[in-house]
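The structure presented is a predicted model; accordingly, all values stated were derived computationally and were not measured. Numbering of ligands and ligand atoms starts at 1, following listing order.
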Amino acid sequence: MQKKDINWSELGFNYINTDKRYISYWKDGKWDEGTLTSDNNVHINEGSTALHYGQQCFEGLKAYTTKDGRIQLFRPDANAKRMQESCKRLLMPEFPTEKFIDACIQVVKANEAWVPPYGTGATLYLRPFLIGVGENIGVHPASEYIFSIFCMPVGPYYKGGMAPVNYITSDFDRAAAFGTGKSKVGGNYAASLYPHQLAAEKGFADCIYLDPATHTKIDEVGAANFFAITKDGKKFVTPNSSSILPSITKLSLLQVAKDYLGLETAEEDVFIDKLDEYSEAGACGTAAVITPIGCIQHKGVDHVFYSETEVGPVTMKLYETLYGIQNGDIENAPEGWIVEVK
Ligand SMILES: *Cc1c(COP(=O)(O)O)cnc(C)c1O
């Protein structure tokens with residue numbers, strides 16, 4: 001396969017129009033066969049519920065090239081299931097898991113020339129989305145839907161190696177306590193743009209969202225989940241809340257911490273005024289796998305974890321293990337985590 005002439009390791013996280021995307025329509029109560037298309041515009045009615053009432057959700061996952069040149073997806077079934085949960089919450093028809101995985105494979109294969117080679121640090125990012133469309137004006141679920149997956153190569157998250165970044169707590173919430181925080185829906189992101197901008201203006205990478213009901217516990221780190229390592233270095237802790245988006249990276253790290261690093265794990269409250277119980281902390285998500293947290297500023301006071309310049313040893317080990325599983329360097333992946341594209 002002749003790859004595109006791209007300086008892979010210099011790529012950022014930017015839109016690139018690749019060759020093909022998958023699209024399927026839901027009409028009269030069922031999904032059609034689905035097809036690959038070269039058209040990178042979606043043609044929808046002006047009254048579509050996705051445009052007016054936020055009836056839409058999305059996913060994000062990656063394809064990796066292994067050392068011996070195979071291409072593999074990481075836990076696409078988990079993305080399919082999470083999207084089904086988002087659909088339930090927004091009264092949208094679910095896209096079946098088998099069809100979702102098959103569509104991912106079709107898209108990767110059709111864009112094989114765009115899949116970054118091993119060793120560049122770059123990956124192919126897949127963006128599935130499901131939107132309410134069709135002629136409409138009233139506030140109710142759409143009569144028609146589109147499910148689509150497009151993809152593009154994205155660069156290595158850490159160009160100069162992994163380094164800690166700083167965050168500040170936000171007075172705003174990205175979602176309500178029992179709202180749509182658990183669903184991967186655009187509305188949560190629209191709500192996060194302004195708090196993000198405020199944090200960025202103050203020189204922080206992003207903001208930390210506290211639990212919307214009491215503002216005493218950590219919920220999320222921007223659009224990533226939070227984890228911390230206890231002072232004794234023995235326990236991996238990640239918050240449990242009704243408004244956190246269940247990150248697949250987080251769920252995977254819980255298993256990696258236990259089965260590969262021999263740590264205790266817990267999903268429990270992380271109080272913003274008790275951060276000195278932890279020696280290391282990080283944000284996790286598909287984009288970066290792990291972003292080490294140097295410092296969190298809360299009400300004008302800085303709390304530094306391991307270091308503002310160096311990555312803690314447990315954080316590093318977690319990152320190396322999970323990334324190694326994703327790109328195939330570590331071959332004994334847990335059952336079902338790796339889906340080969342062939
Ligand atoms: C997508 C997302 C994450 C990360 O989930 P992954 O499955 O690990 O990529 C975390 N928080 C929010 C709000 C998200 O939308």
Side-chain angles (χ1 to χ4, degrees), residues 13 54 56-64 73-87 89-90 97 100-101 104 123-130 149 151 154 157 165 167 170 172-177 179-196 199 205-212 217-227 236 238-257 267 270 281-293 315 318-319 321-323 325-326 334 336-339:
F13 193 79
Q56 64 87 247
C57 64
F58 67 98
E59 279 299 326
L61 71 160
K62 285 174 167 179
Y64 305 79
L73 291 161
F74 181 70
R75 305 189 75 176
D77 59 317
N79 293 93
K81 286 179 192 125
R82 186 169 66 187
M83 181 173 251
Q84 289 157 10
E85 292 304 312
S86 299
C87 287
R89 181 67 179 78
L90 266 52
T97 305
F100 182 101
I101 296 172
C104 288
T123 48
L124 188 78
Y125 182 74
L126 278 73
R127 170 55 61 87
F129 62 98
L130 200 154
I149 306 179
C151 72
V154 298
Y157 202 83
V165 302
Y167 295 92
S170 177
F172 291 95
D173 300 319
R174 56 178 280 281
T180 53
K182 274 185 167 176
S183 313
K184 208 167 177 76
V185 301
N188 299 339
Y189 276 77
S192 76
L193 296 174
Y194 182 56
H196 169 83
D206 207 335
C207 59
I208 301 248
Y209 293 105
L210 300 174
D211 71 295
K217 302 171 275 186
I218 292 184
D219 236 20
E220 293 231 34
V221 189
N225 279 185
F226 176 87
F227 72 86
F236 174 99
T238 184
N240 193 6
S241 143
S242 58
S243 46
I244 293 179
L245 192 281
S247 153
I248 294 160
T249 313
K250 188 261 305 284
L251 296 172
S252 306
L253 285 173
L254 276 164
Q255 202 168 328
V256 164
E267 288 179 87
V270 175
C284 60
T286 297
V289 188
I290 287 178
T291 306
I293 301 179
T315 303
L318 284 167
Y319 172 78
T321 309
L322 183 53
Y323 186 60
I325 291 171
Q326 290 171 331
W337 278 19
I338 299 299
V339 172

Closest to atom 7 (O) of ligand 1 (judged by heavy-atom distance), picking from R82, R75, K62: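 Considering heavy atoms of R82, R75, K62, the nearest to atom 7 (O) of ligand 1 sits in R82.
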
Of the choices V289, T286, L251, which has the non-hydrogen atom that lies closest to atom 6 (P) of ligand 1?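 That would be T286.
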
Show which atoms of ligand 1 fall inside a sub-4.0 Å distance from at least one heavy-atom site of N225.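 Heavy-atom distances to N225 below 4.0 Å select 10 (C), 11 (N).
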
Can you sort out which atoms of ligand 1 are near G285, meaning under 4.0 Å from one of its heavy atoms?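 In order of numbering, the contacting atoms are 4 (C), 8 (O), 9 (O).
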
So is L245 polar-close to ligand 1, meaning N/O to N/O under 3.5 Å?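 There is no such contact.
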
Hey, is ligand 1 close enough to S247 that some N/O pair sits below 3.5 Å?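 Looking only at distances, the answer is yes, because the N/O contact criterion of under 3.5 Å is met.
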
Salt bridge (Lys or Arg N to Asp or Glu O under 4.0 Å), that's the test. Do E59 and R82 meet it? Break it down for me. CA-CA 8 Å; E59 279 299 326; R82 186 169 66 187; 2.7 Å; yes

Taking only non-hydrogen atoms of A223, do any sit less than 4.0 angstrom from ligand 1?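 It does, in that a heavy atom of A223 comes within the 4.0 Å cut-off of ligand 1.
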
Applying a strict 4.0 Å limit to heavy atoms, is R174 in contact with ligand 1?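 Yes; R174 lies near enough to ligand 1 that a heavy-atom distance drops under 4.0 Å.
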
Evaluate the ring planes of F227 and F236, with Trp represented by its six-membered ring, and classify them as parallel (under 30°), tilted (30 to 60°) or perpendicular (over 60°).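 Ring orientation, 0 to 90° scale: parallel.
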
Of the backbone atoms (N, CA, C, O) and the side-chain heavy atoms from C-beta on, which set of A224 has a member under 4.0 Å from an atom of ligand 1: side chain, backbone, both, or neither?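 Backbone only; the side chain of A224 stays clear of ligand 1.
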
So, do V221 and I208 sit near enough that their side-chain heavy atoms are less than 4.5 Å apart?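 A side-chain contact exists here, since the closest heavy-atom pair is under 4.5 Å.
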
Of all the non-hydrogen atoms in the protein, which one sits nearest to atom 11 (N) of ligand 1, and at what distance?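 Nearest neighbour among protein heavy atoms for atom 11 (N) of ligand 1, to 0.1 Å: E220 OE1, 2.8 Å.
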
Among all protein non-hydrogen atoms, which one is nearest to atom 2 (C) of ligand 1, and what is the separation to 0.1 Å?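 Heavy-atom neighbour on the protein nearest atom 2 (C) of ligand 1: K184 NZ, 2.6 Å.
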
